[in-house]
Structures are given as structure tokens and as C-alpha cells.
Number of protein chains: 2
Amino acid sequence: MTTQARTSTGTAQNGELLTPISKSALPDFTGYLIKRSWVTIQRDLRELLLGFDLSQRSMSVLSVVIGNPDINQSDVAAALSIERSGMVVIVDELEGLDLIRRERALSDRRAYALRATLKGHQLHDRVRAAIIAHEDRIFANISHAERDSLHAILLKLVED
Amino acid sequence: MTTQARTSTGTAQNGELLTPISKSALPDFTGYLIKRSWVTIQRDLRELLLGFDLSQRSMSVLSVVIGNPDINQSDVAAALSIERSGMVVIVDELEGLDLIRRERALSDRRAYALRATLKGHQLHDRVRAAIIAHEDRIFANISHAERDSLHAILLKLVED
DNA sequence: TATTGTTATACTCTATAACTATA
DNA sequence: TATAGTTATAGAGTATAACAATA
């Protein structure tokens with residue numbers, strides 16, 4: 001059982017990264033490419049949102065609340081495919097930052113009617129612009145046609 | 001401050017799901033569509049791999065080891081963009097299932113030379129076939145041309 | 001000094017169950 | 001009975017730091 005050793009280290013002598021992943025079956029799977037893309041994007045996005053005191057989830061909630069004034073927490077959770085229980089801390093966070101408010105729903109005294117504050121709207125606009133710039137960076141080396149195509153295909157995929 | 005209540009419940013009277021996410025800024029971001037796609041794919045993939053006693057990470061490691069015989073743990077970690085420390089439990093798991101073996105590297109007594117067993121190769125082939133079928137299901141309602149296009153664009157994106 | 005594998009730790013995210021007040 | 005919000009909890013997954021053996 002003579003086990004021949006590899007050149008090790010992960011960086012070849014010329015300084016170029018050797019990525020043995022290309023020699024596996026993984027790049028054949030579109031699902032795996034989607035995962036890797038998301039990891040890359042997420043890393044940059046997290047940094048960006050940190051500058052606004054936002055997490056990815058809280059930005060998503062803020063965006064849905066702005067698009068759907070007086071929506072309640074359960075419906076936001078359903079829209080984002082997250083659990084109702086997880087909404088509490090996110091809404092707490094956003095309320096603490098004075099970005100949204102929990103108004104009392106008139107027709108149902110169990111529920112809140114979520115609404116963004118002026119500050120919430122203003123921050124959302126700024127973050128939106130920052131994310132557009134971030135995506136321009138991420139997709140810098142693929143053409144506009146390819147980018148549009150990517151967007152359209154993913155939209156169809158997500159819509160089921 | 002008259003807060004008009006919404007129709008609530010998340011499912012309209014006709015039984016159709018109302019997804020207010022389409023009324024937010026989120027679907028404008030390709031990054032968010034990638035995230036949602038990954039969540040959808042991952043849910044199905046997890047179930048699939050569970051039937052083989054594999055996690056997503058352990059399947060990835062098995063695949064890289066098979067594609068790069070006698071690779072060491074650090075290089076696998078680098079290829080998959082995960083931490084070296086996280087490799088330990090994954091390799092333990094794969095070794096416990098008799099899918100890969102930790103051989104001693106000849107040239108470097110600190111490192112292991114990872115190699116898949118016969119059982120590992122056979123399982124990998126079966127899982128690979130199952131994932132291909134899984135992706136056929138996931139991408140059932142988009143054309144082959146679009147699917148090829150999606151794959152090519154994501155490949156370019158991941159490669160940097 | 002630097003690197004491999006390892007352990008411990010912590011932090012985030014997610015998933016589940018149970019409770020209260022309303023419906 | 002069922003639902004909205006809440007709390008507590010446990011499980012993943014991930015990231016960091018430190019250590020022993022070896023380079």
C-alpha cells in the first residue's frame with residue numbers, strides 16, 4: 001500500500017492557487033455552483049450591511065415591510081420562508097433602531113401592523129443603492145446579457 | 001394614525017398563496033434570488049443525502065477526495081472554502097462509515113493522505129446519480145438551454 | 001518560524017415546542 | 001379550535017484561538 005504523497009500546501013510554488021475542486025464531481029452540479037455563489041456574495045454583503053447596523057435577515061424584513069405597509073409578523077415570516085419565532089428578535093432589532101414600528105392592528109388585537117418609520121425608509125433607500133453597487137462589483141466580469149439572463153432564470157426558478 | 005389592517009393569514013380566500021415578497025425590493029437583487037434558490041435546493045438535497053447517511057459537507061469532502069487521491073485535510077478544506085478545524089469531524093464521520101481512510105503521508109509525517117475505499121467509490125457513484133435526478137426535478141420547468149446557460153454563468157462567477 | 005491535525009469555544013442561524021391572548 | 005406573538009431550547013454550521021508534532 002504505497003501511498004504517494006502530494007505536493008501539499010494548497011498554493012503551488014508559482015503562487016497560483018491550486019483548486020482540486022475542479023477535479024471533483026461538484027462543479028458538474030448546478031446546485032453546488034449556486035451554493036458557492038451564495039457564499040461568495042454573502043461574505044461581501046455581510047460586511048456591507050454591518051456598516052448600516054443591519055443583518056441580512058433584518059434588511060429582508062425591512063424591505064418586505066416597506067413594500068407591504070401594515071403587514072403583520074406572520075405574513076412577513078411566510079413571505080421570507082422563515083419561522084414566526086425568529087421574527088421577534090428581528091422586529092425587536094429593527095424597532096430598537098427606530099426603523100420600523102409595531103402599530104396595533106385594528107381588526108385583530110392579537111396582531112401587529114408593521115410600518116417603517118421615515119428613518120427606516122431613508123436607510124432602506126441608502127442600503128438599496130449600496131447593494132446595487134455591491135452586485136455591480138460581484139458581477140463585474142460577466143456581461144450584461146448574461147446577468148439579465150441569470151436574473152430571469154433564477155426568478156423563474158424561485159417562483160416555482 | 002389610522003392603521004388600516006390587512007387581510008392577514010398568508011393564504012387568500014381562494015386558497016392561493018399571497019407572497020408579498022414580490023412587492024418588495026428583494027427580487028430585484030440577483031444575490032437574493034441566488035440565496036432563495038439555494039434554500040429551495042438545499043431542502044431537497046438534505047433529504048436525499050440523509051438516505052445515504054451523508055451531510056452536504058461530507059458528500060463534498062468525499063467527492064474531492066475521490067477526485068484527488070492522497071490529498072490531505074488542509075487541501076480539502078482550501079478547495080471547499082471551509083475551515084481546517086471543521087474537517088476533523090467530517091473526516092471522522094466518513095472514516096466511521098468506512099467510505100474513506102486516513103493513510104499516513106510518506107513525505108510529511110504531520111499530514112494524512114486521504115483515500116476513498118471501494119465502498120466510498122460505490123456510494124459516491126450512487127449518490128451522484130441521485131443528485132442528477134434531484135437536479136432534473138429542481139430544474140424541471142426551465143428549458144435545457146436556460147439550464148446550460150445558468151450553469152455556464154455560475155461557473156464563470158465562482159471561478160472569479 | 002511555519003504548518004498539519006486537533007480541541008475547545010463561541011457565535012449565528014434555524015427548527016421545535018409550549019405558552020398567552022385573542023379570534 | 002385555531003391563530004398571532006412570544007419564550008425557551010436545542011441543533012446545525014461556522015469562525016477563532018491555541019496546542020503538540022513535525023517541517
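Because the structure is a prediction, the values reported are computed rather than measured.
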Among [options], the nucleotide that comes nearest once only the side chain of [X] is considered:
X	options	result
B:Glu83	C:dT7, D:dT16, D:dG5	D:dT16
B:Asp108	C:dA23, D:dT14, D:dT22	D:dT22
A:Ser74	C:dT6, D:dG5, C:dT3	D:dG5

If you assign each of A:Arg110 and A:Arg102 to its closest nucleotide in DNA chain D, which residue comes earlier from the 5' end?
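Whichever sits nearer the 5' end wins; that is A:Arg110.
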Starting at the 5' end of DNA chain D and moving along, which residue's nearest nucleotide shows up first, A:Arg43 or A:Gly86?
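Of the two residues, A:Gly86 wins.
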Between [N] atom [atom2] and [X] atom [atom1], what is the distance in whole Å?
X	N	atom1	atom2	value
B:Asp75	C:dG5	CG	P	8 Å
A:Leu94	D:dG5	CG	C1'	16 Å
A:Glu103	D:dA4	CD	C1'	17 Å
B:Trp38	C:dT14	CH2	C1'	15 Å
B:Leu49	D:dG13	CG	P	11 Å
A:Arg57	C:dA15	CZ	P	11 Å
B:Arg109	C:dT3	CZ	P	20 Å
A:Arg104	D:dA4	CZ	C1'	9 Å

Using modelled atom types only, decide if a donor and an acceptor are shared between the side chain of [X] and the backbone of [Y] within a distance under 3.5 Å.
X	Y	result
A:His124	A:Met59	no
B:Gln56	B:Leu45	no
A:Glu103	A:Asp70	no
B:Thr117	B:Asp98	yes

A:Glu93 bridged to A:Arg57 by N-O distance under 4.0 Å
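Result for this pair is no, no salt bridge flagged.
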Distance check: side-chain N/O of A:Tyr112 vs OP1/OP2 of C:dA21, anything under 4.0 Å?
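For A:Tyr112, the contact criterion (side-chain N or O under 4.0 Å from OP1 or OP2 of C:dA21) is not met.
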Phosphate oxygens OP1/OP2 of C:dT6: is one of them under 4.0 Å from a side-chain N or O of B:Gln73?
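Checking B:Gln73 against C:dT6: at least one side-chain N or O falls below 4.0 Å of OP1 or OP2.
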Between the base of D:dT16 and the side chain of B:Ser85, is there a donor and acceptor pair under 3.5 angstrom?
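Checked by distance alone, the answer is yes.
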Assign B:Arg84 to base, sugar-phosphate, or nothing according to its heavy-atom contacts below 4.0 angstrom with the strands shown.
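Base, at least one base atom sits under 4.0 Å.
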